[in-house]
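First the structure, in the form of C-alpha cells, and then the observations on it.
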2 protein chains.
Amino acid sequence: MDEYVDLLKTNDLKITHHRLAILKYLDDHRTHPTAEEIYQHLKKTNPGLSRTTIYNNLETLSDSHIIQRLTICPTEHRYDFNIGMHHHFICKECGDIIDVDFQCPTVSSIKKHVADQGHRIEEVHGYFKGICKDCLEKKRREQSE
Amino acid sequence: MDEYVDLLKTNDLKITHHRLAILKYLDDHRTHPTAEEIYQHLKKTNPGLSRTTIYNNLETLSDSHIIQRLTICPTEHRYDFNIGMHHHFICKECGDIIDVDFQCPTVSSIKKHVADQGHRIEEVHGYFKGICKDCLEKKRREQSE
DNA sequence: TTATTAAATTGTAATGATTCCAATTTAATA
DNA sequence: TATTAAATTGGAATCATTACAATTTAATAA
Ligand SMILES: [Mn+2]
Ligand SMILES: [Mn+2]
Ligand SMILES: [Zn+2]
Ligand SMILES: [Zn+2]
C-alpha cells in the first residue's frame, strides 16, 4: 500500500483514498478493466463515489504514466497497472484482453526508424485481435450438439 | 475503378454507387480518415447521402477485409484502404496517423506464440503514440517567440 | 492545531460517435 | 419486366466520456 503512496508522491499527486483504491484495484485485477468496472466495484465500499472521479483519476494516473490506458476496444478504454512494454490479445467474442508474454526485440529498431523521421514516440502499443481459446472451445461445443 | 467493382464482387457485395465512392475516397486519401470525414466529402456530390450508409458500409467493407478499421484513437475509428500489415504512428497533438514503413520481422514469431496458446489471430495491430515532426517544430517555434 | 489554498470530488448536464429501426428504394436475378 | 434480398434513409436512441460549477479536502505553513 505504501507502494501506491510512493507512486503518487513521486508524481506530485495528492494522496487520496480514491486514488489508492483505484491503484489497488488495478494491481489486483490484471484483466484490463474499464472505468465502469472499477467504478461499480469501488462504489460498493464507498457509496458516495462519483463516476467522474474515476474518469478524472484514470486520466491523471495515465498522464503521469503510473498506469497505462489501452485504446484497443472499439467502444471503451481499458486500463493496465502494468506499464512495461507488452503486447495484448483481444477477443472479438468475449472482449477479454490477455497479456502476450513475448517481448518483441524489433521494437527498438522500429522506434529508431520512426524517431529518425523526426517524430517523438511516447507510447508503444501492439495487439492482436481474434477469438480466444475459451470462445473457440465454446463454439466447437455448440456446433457438435 | 473496375478494381473496386472486383473487390465488391469477390466478396458477394452489391455494387452500389456509395460503396464505390467510399472505396475511391479511401484509395485516394491515405490519411486514415474518419467516417465523418468521408461522409462530409461524399455528401457534396451526393446530397441525399445518409450518414448511416457510411457507417453501414465501413463496417461491411471492414468485415469483408476489403478495408481496415483502425482502433487507435480514443474517440473515433479510422479507416485504411491498405489492408497489408503495417504499423502506424499517431500524433497526440494533431491526431494525424502516419504509416510506419518498417516491416516487423518478429510478428510471425509472436503470432505463433499466441496461436500456440490456443487463440485464433485475425488481425495484427502495432502503433506508436507521440508528437509528430510537424507538431514538434510548431512547438519549438512557439517557444522561441 | 488552525488557516489557507490549490487540487480533488461531486452530480448533473452536455457531447458526440455510433447504433438501432422501420419505411423506402434499389441491384441483381430470372 | 417482376421479384426479392440487400442497401439506403433519417430520425431516435445509446452509451462512454467530458464539461462545468459548487463543494470538499489534502497539503502546507503560521
Ligand atoms: Mn496488459
Ligand atoms: Mn495505414
Ligand atoms: Zn473470448
Ligand atoms: Zn502532429
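Protein chains get the first letters and strands the later ones, always in sequence-line order, with residue 1 at the start of each.
Screening residues 39-54 of chain B for salt bridge (Lys or Arg N to Asp or Glu O under 4.0 Å) gives E36(B)-R51(B) as the qualifying pairs, with residues at least two apart or on separate chains. Under the side-chain hydrogen bond (donor to acceptor under 3.5 Å, both in side chains) criterion, the residue pairs touching residues 90-104 of chain B are E122(A)-K92(B), E123(A)-K92(B), H32(B)-D99(B), H86(B)-D99(B), H88(B)-D99(B), with sequence neighbours excluded.
What separates CG of N57(A) from P of dT17(D) is a distance of 15 Å, to the nearest Å. Rounded to whole Å, the distance from CD1 on I38(A) to P on dT17(D) is 10 Å. dT8(D) atom C1' lies 15 Å from atom CG of L20(B), rounded to whole Å.
Every residue two or more places apart in sequence or in another chain was checked for a ring-ring contact (aromatic ring centres under 6.0 Å, His included) with H87(A), and none qualifies. Here T16(A) pairs with nothing under the side-chain hydrogen bond (donor to acceptor under 3.5 Å, both in side chains) rule; sequence neighbours left out. Judged as a side-chain hydrogen bond (donor to acceptor under 3.5 Å, both in side chains), and not counting sequence neighbours, H18(B) has no contacts. For H65(A), the ring-ring contact (aromatic ring centres under 6.0 Å, His included) criterion is met by no residue, not counting sequence neighbours. With sequence neighbours left out, Y25(B) forms a ring-ring contact (aromatic ring centres under 6.0 Å, His included) with H29(B), H41(B).
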Using a 4.0 Å cut-off on protein heavy atoms (strictly under), produce a 5'-to-3' string for nucleotides 22-30 of chain C with B for base contact, S for backbone-only sugar-phosphate contact, and - for none.
-> -----BS--
Per-nucleotide protein contact string for nucleotides 10-20 of chain C, where B marks a base within reach and S marks sugar-phosphate only (heavy atoms under 4.0 Å, - for neither) = BBB----SBBB
Could you spell out the base pairing of DNA chain C in dot-bracket, with Watson-Crick or G-U pairs whose two distances are under 3.5 Å, [ ] crossing and | to another strand?
-> ||||||||||||||||||||||||||||||
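Grouped with V114(B) in one hydrophobic cluster are F89(A), I98(A), V100(A), F102(A), F128(A), M85(B), V107(B), I110(B), I121(B), V124(B), the linkage being side-chain heavy-atom contacts under 4.5 Å among Ile, Leu, Val, Met, Phe, Trp and Tyr residues.
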Anything under 3.5 Å between a donor and an acceptor, one on a side chain of residues 7-14 of chain A, the other on a protein residue two or more places apart or in another chain? List them.
unit_1, atom_1, unit_2, atom_2, d
T10(A), OG1, D6(A), O, 2.6
N11(A), ND2, L7(A), O, 2.8

D134(A) and K138(A): salt bridge (Lys or Arg N to Asp or Glu O under 4.0 Å), yes or no, with the steps?
-> CA-CA 6 Å; D134(A) 290 351; K138(A) 202 171 292 175; over 6 Å; no
